Structure formats: C-alpha cells, structure tokens
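Right, one structure below, let's go through it.
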Amino acid sequence: MHPGQADQLVVALRRAARTLLDRRSIRDLQQTLSEIVSAAVETVPGATAGGLSVTEDGIVDSRNPTSRGISELDRLQGELHEGPCVTALESPAEDGAVIAEDLAGVDAQRWPRFAPAAVAAGYRSMLSTQLTTNGRMRAALNLYAAEPGVFDSEARQLAGLFGVQAAMLLHGSEQAVHLGRAVDSRDVIGQAKGVLMERFGVDETEAFQMLVESSQSTNLKLIDVARWLIGEVARRGTHRGSADAAGLDASSVGPNPPGS
C-alpha cells in the first residue's frame, strides 16, 4: 500500500466512523451503509462497484448497491445459490474473504451458472468478504471489478477493514430492532394490564396472570392476547370503567378471549 492510499483509507474509515455515530434512524443507517460501500469501492484498488448481501432464513437480499446492475447480480447469486457472495456467506477462508480472479477463466468452472452473468454485465473479478457469522442474519461485502486479477492480498486486507465497519453497524442495527420490539411489546402488555386492573379491580400481578392464563389456554402468544384486548377496547369505543360495553368480563379475558 503506497502512502497516499494509506492516507485515503484512514480518512475514509474515520469519516465512516463519525457518520456512524451521528446516525439515529433506520433511514440514516442505510445511508451510512451506502457510504461505507462507496468508500470501499473508492479505496480498494481495482474495485469499480459494490454492495452488501444479507441473508436471513436462507433468503439472500441485496443491500446498498452502487448500481441497479449490482443489485441484480447479488440477488442472482442468492437465487442460484452460487457465486463468491454465497461462498463467503457459507464457507469463506479463515479471514472471511473469497476472491474470483477471473470469472471468464478458471473461476467460470467454480461458479458455472453465475460467472457468465457477471461477465455479461461487465465484471471479470470479484472480492466477497463475510461480515457476520452469528444469529439469523449473515452478510457479505461484495466488490466487483471490470478487469481480471485485480484483487491481491492488499485489496483483501482493505476490504476486510471496511467489512469490520459494516459488520459493526449491521450488528448494532439488529440489536436495535430487537430492543425496539421488546420495548413495544412491554408497552402493549402494560396497556393491557392497565385495562384489566381498572375494569376488574385486580392488581398488576393478577392482571398479568389473567393474560398469561389466556395465552396458555388459547395457544396464543402473550403479546397477541394483549393486542387483541387493546384492539377490542379501541374497536368498540368503550369508556373506562364499563366492562360490559366492551363485551369483556373476567371469564372472557382470562383465560379465553372472545374469538379464540
């Protein structure tokens, strides 16, 4: 790596880190990921395009591509279950990277269905770096090059550094989604308990037990029972303190909600 390239890498990574810390919403998250992909394409020698591939429950999706054509190629690898991206997701080298030296040459035999499509789109080589290995979601950073044999060990290291940035961001976003769902569920259950406490004169523990018994007897998740209860109150336009108006009584909420 020559000095100018090293400086460019440091600047790109520092810029990505600062942007990451400033982002708050999902829309901002996607913008940051796009910036990381763009910075990788600009910095890794030979790269002319790139994107992220994310797989959940066996389905590969293209994220933050630098062009529509890259999105189509990334998705094609998922549909064919073949290509450097899929190999990086499922069985990469120890450093997580997979390199296609020439998709019109020897690597055409390694990925016989995907390689012709990539060459037809104008790409002869690829570098895919695995980003995540735990949980339901796995991801890879994919870099494409118009020329064969451009991704050497130096490019492999640079792509790995950008991969670390993207991996941290993806992990953080996944945890944020789980946390958000947990908070939402807690709020809904809290509202349902409040309805039961007011209408049946029970305390918080007893209200929660009513929800639990309804969940167990109907084989519905606790959160679904709570949502049903709140939905009934909203749908029927009930007034606080009027259980009859809501069609709710102690027997209908715990343990068997109406319509179950």
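Just so it is clear, the structure is predicted and the values come from calculations on it, not from any experiment.
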I need the full list of salt bridge (charged side-chain N to carboxylate O under 4.0 Å, His left out) pairs touching residues 98-110, with sequence neighbours left out, sorted by first then second residue. Asp102-Arg124

Side chain to side chain donor-acceptor pair (under 3.5 Å) against Ser53, all qualifying residues, sequence neighbours excluded: Asn142

Show me the pairs that pass salt bridge (charged side-chain N to carboxylate O under 4.0 Å, His left out) and involve residues 139-153, at least two apart or across chains. none

Sequence neighbours excluded, which residues qualify as salt bridge (Lys or Arg N to Asp or Glu O under 4.0 Å) partners of Asp224? Arg227

Quick one: list whatever passes side chain to side chain donor-acceptor pair (under 3.5 Å) with Asp203, sequence neighbours left out. none

Evaluation steps, side-chain contact (heavy atoms from CB on, under 4.5 Å), between Met210 and Phe200: CA-CA 11 Å; Met210 292 172 69; Phe200 303 122; 3.7 Å; yes

Under the rule for side chain to side chain donor-acceptor pair (under 3.5 Å), what residues qualify as partners of Arg75, not counting sequence neighbours? Asp61, Ser71

My understanding is that only residues two or more places apart in sequence, or in another chain, count here; which of them pass side-chain contact (heavy atoms from CB on, under 4.5 Å) with Ala93? Asp95, Arg156

Looking only at heavy atoms, what is the nearest atom pair of Leu196 and Ala207, with distance? CD1-O, 3.6 Å

Please collect all salt bridge (charged side-chain N to carboxylate O under 4.0 Å, His left out) contacts where either partner lies in residues 112-123, sequence neighbours excluded, each pair once. Glu82-Arg113

For Leu73, the rest of its hydrophobic cluster, which grows through side-chain links under 4.5 angstrom: Ile70, Leu76, Leu80, Val98, Leu103, Trp111, Phe114, Val119, Tyr123, Met126, Tyr144

Go through the structure and list residues passing salt bridge (Lys or Arg N to Asp or Glu O under 4.0 Å) with Glu90, not counting sequence neighbours. none

Linking Ile, Leu, Val, Met, Phe, Trp and Tyr through side-chain heavy atoms less than 4.5 Å apart, which residues share a cluster with Val86? none

Looking only at atom types and distance, does a side-chain atom of Arg138 sit under 3.5 Å from a main-chain N or O of Leu89, one as donor and one as acceptor? yes

Hydrophobic cluster identity match, Val106 and Val150, side-chain contacts under 4.5 Å: no

What residues, two or more places apart in sequence or in another chain, satisfy salt bridge (Lys or Arg N to Asp or Glu O under 4.0 Å) together with Glu72? Arg68

